[in-house]
Amino acid sequence: MPELPEVETVRRQLEPALVGRRFERVEILDPRLVRPLEPLEVAAELEGERVVAVERRGKYLIVRFESGRVLLIHLRMTGSLRHVRDGLQEDPHRRAVVRLDDGSDVTYRDVRRFGTWVVVEPSDVGPYLDARLGAEPLERSFSTARLAERLAGRRAPIKAALLDQRTLAGMGNIYADEALWRAKIHPLTPAAALDEGGVQRLTRAIKEALRAGIARQGATLRDYARPDGGSGSMQHEFKVYGRDGEPCDRCGTPIAKTRVAGRGTWFCPVCQGSAPQAASSSSNRPSRSRRHSSV
DNA sequence: CTTTTTCCCTGGACGC
DNA sequence: TGCGTCCAGGGAAAAA
């Protein structure tokens with residue numbers, strides 16, 4: 001499942017292949033990819049456009065054209081992009097093909113068809129992304145203070161808050177678990193219950209986990225692949241994700257699995273604290289089931 | 001406002 | 001071998 005490190009890897013490989021190239025022919029093979037618009041309509045909009053930049057925001061790939069228009073690609077669960085120079089091979093899961101003006105092709109494959117391609121006019125790009133995404137975790141604007149601000153007052157589990165793209169952009173189920181392990185925070189800890197030290201550790205852990213993922217060109221579990229067809233290797237570095245029963249790298253305790261926010265969640269029951277309430281919040285009064293005082 | 005649940009979608013794993 | 005069932009999960013939308 002492509003998260004920030006995977007999308008960034010895709011971006012880095014596609015950038016040199018796409019910048020300066022013109023979209024000569026565009027085929028949308030699955031109408032669902034561009035819904036509610038018609039495939040032919042979207043293809044017509046894209047044909048003739050010349051790429052000036054390939055950027056990333058959260059898990060969105062941003063293809064910028066000379067005209068100012070933008071193609072936003074989201075891979076969701078199983079989407080993957082490939083750049084090939086030697087013609088196309090059979091692939092029942094191919095959902096789109098772009099022929100570039102140098103004769104090479106960019107193909108889009110997506111088994112489960114959750115991915116989306118959206119063409120956005122220049123003035124709509126900022127609002128579209130800002131409405132959905134919080135800070136970029138690897139940019140300077142992302143700080144302990146910024147994260148603390150986004151977690152304040154939230155009673156949802158910290159894991160759920162990390163999966164919310166408006167808290168910060170780009171975390172998915174894998175790197176959320178990995179970051180929480182690095183920060184030694186239990187995934188069920190209420191977000192607002194983290195003290196300053198906890199938020200600080202988490203901020204650092206998020207950056208470290210994502211950078212580790214980028215350094216290894218992402219994690220290939222099933223469907224994710226780089227545009228050159230190769231695999232990432234981050235899956236070999238997982239500390240908790242998918243490792244229930246295996247010993248924790250820090251303390252040897254078997255990794256536990258539970259479910260948070262409807263997602264499989266792995267953690268070390270010792271390193272990350274066995275009870276969420278145990279997340280010490282010294283300054284918080286021990287209010288019971290205190291509801292909003294009526295009138 | 002926040003939080004939770006449902007839905008989309010397919011293929012792989014597993015039980016019988 | 002061939003079913004039926006469950007699971008994987010990002011994010012939009014609906015429900016609570």
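Here is how names work: the chains are called A, B, and so on, in the same order as the sequence lines, proteins then strands, and each is numbered from 1.
- In terms of position along DNA chain B, the nucleotide closest to A:Ala261 lies nearer the 5' end than the nucleotide closest to the other residue of the pair A:His93 and A:Ala261.
- The CG-P distance, from A:Asp177 to C:dG10, rounds to 10 Å in whole Å.
- Scanning for side-chain contact (heavy atoms from CB on, under 4.5 Å) contacts around A:Asn173 gives A:Lys159, A:Leu163, A:Tyr241, A:Arg263, A:Trp266, with sequence neighbours left out.
- At least one test fails for A:Arg95 against the ring of A:Trp117: distance under 6.0 Å to the centre or angle within 45° of the axis.
- Electrostatic pairing of A:Glu208 and A:Arg204 does not count as a salt bridge here, judged by no charged N lying under 4.0 Å from a carboxylate O.
- For the pair A:Arg216 and A:Glu237, the salt-bridge criterion is met [side-chain N within less than 4.0 Å of a carboxylate O].
- Within the nucleic acid shown, A:Lys257 comes within 4.0 Å of sugar-phosphate atoms alone, with no base atom in reach, counting heavy atoms only.
- At whole-Å resolution of the value, CZ in A:Arg154 and C1' in B:dC1 are 12 Å apart.
- For B:dT4, the OP1/OP2 oxygens have no side-chain nitrogen or oxygen of A:Arg259 closer than 4.0 Å.
- Remark: A:Arg85 does not engage A:Asp105 in a salt bridge, criterion side-chain N to carboxylate O under 4.0 Å.
- When the C1' atom of B:dT10 is taken as reference, atom CZ of A:Arg222 falls 11 Å away, rounded to whole Å.
- Nucleic acid contact class of A:Met77 (heavy atoms, under 4.0 Å, all strands): base.
- In this structure, the nucleotide among B:dC9, C:dG9, B:dT4 sitting nearest to the side chain of A:Arg32 is B:dC9.
- The CZ-P distance, from A:Arg95 to B:dC8, rounds to 17 Å in whole Å.
- Scored by the side-chain contact (heavy atoms from CB on, under 4.5 Å) test, A:Thr253 finds A:Cys251, A:Cys268, A:Pro269, A:Val270 as partners (sequence neighbours excluded).
- In this structure, A:Leu162 atom CG and C:dG9 atom C1' are separated by 16 Å, rounded to whole Å.
- The end-to-end axis angle of the helix from B:dT2-C:dA16 to B:dC16-C:dG2, rounded to 10 degrees and based on five pairs per end, is 50°.
- At a threshold of 4.0 Å, the pair A:Arg57-A:Glu55 does not count as salt-bridged, since none of the basic side-chain nitrogens sits closer than that to a carboxylate oxygen.
- What separates CD of A:Glu6 from C1' of C:dG9 is a distance of 14 Å, to the nearest Å.
- A salt bridge links A:Glu8 with A:Arg12: at least one charged nitrogen is closer than 4.0 Å to a carboxylate oxygen.
- When rounded to the nearest whole Å, the span between CG of A:Asp223 and C1' of B:dG11 equals 9 Å.
- The pair A:Arg69-A:Glu49 meets the salt-bridge criterion, since a charged nitrogen lies less than 4.0 angstrom from a carboxylate oxygen.
- Counting Ile, Leu, Val, Met, Phe, Trp and Tyr side chains that sit under 4.5 Å apart, directly or through other members, A:Leu72 shares a hydrophobic cluster with A:Tyr60, A:Ile62, A:Val70, A:Val118, A:Val120, A:Val125, A:Tyr128, A:Leu129, A:Leu133.
- Salt bridge A:Arg243/A:Asp249: present, at least one basic N to carboxylate O contact under 4.0 Å.
- Evaluation of atom-type donor-acceptor distances gives no pair under 3.5 Å for the side chain of A:Arg113 against the base of B:dC9.
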N/O to N/O distances under 3.5 Å, protein versus nucleotides 11-13 of chain C:
unit_1 : atom_1 : unit_2   : atom_2 : d
C:dG11 : OP1    : A:His74  : NE2    : 2.6
C:dG11 : OP2    : A:Lys59  : NZ     : 3.2
C:dG11 : OP2    : A:Gln165 : NE2    : 3.2
C:dG11 : O6     : A:Arg263 : NH2    : 3.3
C:dA12 : OP1    : A:Arg132 : NE     : 3.2

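- Taking every heavy atom of residues 231-247 of chain A and every atom of DNA chain C, pairs under 4.0 Å involve A:Tyr241, by number.
- Computed from coordinates, the A:Leu75 CG to C:dG9 C1' distance equals 14 Å when rounded to whole Å.
- Classification of A:Glu136 and A:Arg56 as a salt-bridged pair holds, one side-chain N sitting under 4.0 Å from a carboxylate O.
- Nucleic acid contact for A:Gly262: none, since no nucleic acid atom lies under 4.0 Å from a heavy atom of the residue.
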